[in-house]
Amino acid sequence: MGLTGGIGSGKSAAAACFRDLGINVVDADWAARVVVEPGQPALAGIAEHFGADVLRDTGALDRARLRALIFDNPAERAWLEGLLHPLIREEIVRALDASESAYAILESPLLIESGQTALVDRVCVMDLPEALQLQRASARDGNDPEQIRKIMAAQLSREARLEKADDVLDNSGELTDLKSQVETLHQHYLQLAG
Ligand code: ADP
């Protein structure tokens, strides 16, 4: 099952509820980090393409530097995505295959945008008013709301996401409310998986 939503929508909070129920959660952001760890072929490819300047002294990827290099450069961004997306996908598939719970969750901010929906049977969307999302994301990151607003503008709109949803978790209420919705959905998913 895929779990998605915009920045600060409560994906991590919902994922924690699923984990509490014994369900294995694969985090797409984790997979994206794993494939560029030192020793992974992707990192050598990136260093060869962009120059050794994208590496820190430790040999790890300098993400800020890489982001700056592809910012406003669609060709370089496309090159990077062409390299990384298949590798991230492989990593996700490996982790999902290794899961031993009744079903598994793929938590991904870009589940719909990146075509990762092909890896899951159902799409569950975190839903809440955008003003509340902005408020929670800003509070969590200590970021200025304008920065969060920009990220939100680059992501799918609330409506576009809901259009792709098989299931919806309404996260406009308290965390306890979210938890009970997850428990209900969990029963449904157990039935579907069983
Ligand atoms: P995401 O993983 O989608 O970016 P998070 O799960 O990190 O979002 O939630 C964003 C912030 O909002 C976190 O600080 C989280 O603790 C808080 N939060 C999430 N859901 C609720 C809720 N129902 N009530 C209050 N705070 C919440």
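Residue numbers count from 1 along this sequence. Order of appearance sets the numbers: ligands from 1, and atoms from 1 within every ligand.
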**Request:** Could you walk me through whether H188 and R122 pass side chain to side chain contact (heavy atoms under 4.5 Å, CB included), step by step?
**Result:** CA-CA 12 Å; H188 183 47; R122 292 179 81 81; 4.0 Å; yes
**Request:** Would you confirm whether any non-hydrogen atom of the protein falls under 4.0 Å from atom 23 (N) of ligand 1?
**Result:** yes
**Message:** Parallel, tilted or perpendicular: which one describes the rings of F18 and Y189, with boundaries at 30° and 60°?
**Reply:** parallel
**Asked** Of the choices K11, R140, Q135, which has the non-hydrogen atom that lies closest to atom 13 (C) of ligand 1?
**Response** R140
**Complete:** If we number the atoms of ligand 1 from 1 as shown, the ones under 4.0 Å from a heavy atom of G10 are 1 (P), 3 (O), 5 (P), 6 (O), 8 (O), 9 (O)
**Prompt:** For atom 19 (C) of ligand 1, which candidate among L132, N171, D170, I7 provides the closest heavy atom?
**Reply:** N171
**Asked** At what distance is the nearest protein heavy atom to atom 26 (N) of ligand 1, and which residue and atom is it?
**Response** R136 NE, 3.6 Å
**Item:** Closest protein heavy atom to atom 6 (O) of ligand 1, given as residue, atom name and distance to 0.1 Å
**Value:** A13 N, 2.9 Å
**Prompt:** Relative to the heavy atoms of G173, which atoms of ligand 1 are at a distance of less than 4.0 Å?
**Reply:** 22 (C), 23 (N), 24 (N)
**Prompt:** Atoms of ligand 1 less than 4.0 Å from G6 heavy atoms?
**Reply:** 3 (O)
**Request:** Check if A137 has a non-hydrogen atom at a distance under 4.0 Å from any atom of ligand 1.
**Result:** no
**Request:** Spell out, yes or no, whether L132 and M126 are grouped together once hydrophobic residues are joined by side-chain heavy atoms under 4.5 Å, including indirect joins.
**Result:** no
**Prompt:** Does some side-chain heavy atom of T184 sit less than 4.5 Å from a side-chain heavy atom of S180?
**Reply:** no
**Message:** Can you confirm whether S99 sits close enough to V26 that some side-chain heavy atom of one is under 4.5 Å from a side-chain heavy atom of the other?
**Reply:** no
**Request:** Give yes or no for whether the N/O distance cutoff of 3.5 Å, strictly under, is met between L178 and ligand 1.
**Result:** no
**Request:** Find out whether N171 and R136 are in side-chain contact, i.e. whether some heavy atom of one side chain is under 4.5 Å from a heavy atom of the other.
**Result:** yes
**Message:** Between ligand 1 and S172, can you find any atom pair, the residue atom being a heavy atom, that is separated by under 4.0 Å?
**Reply:** no
**Asked** Under a 4.0 Å N-O cut-off, is there an ion pair linking E37 with R33?
**Response** no
**Prompt:** Quick one: are L66 and L80 in side-chain contact, heavy atoms under 4.5 Å?
**Reply:** yes
**E107 vs W30 side-chain heavy atoms within contact, under 4.5 Å** = no
**Request:** Just let me know how E174 lines up against ligand 1, side chain, backbone, both or neither, with a heavy-atom cut-off below 4.0 Å.
**Result:** backbone
**Request:** Around atom 2 (O) of ligand 1, find the nearest protein heavy atom and jot down its residue, atom name and distance.
**Result:** S12 OG, 2.7 Å
**Prompt:** Within the structure, does S9 bring an N/O atom to less than 3.5 angstrom of an N/O atom in ligand 1?
**Reply:** yes
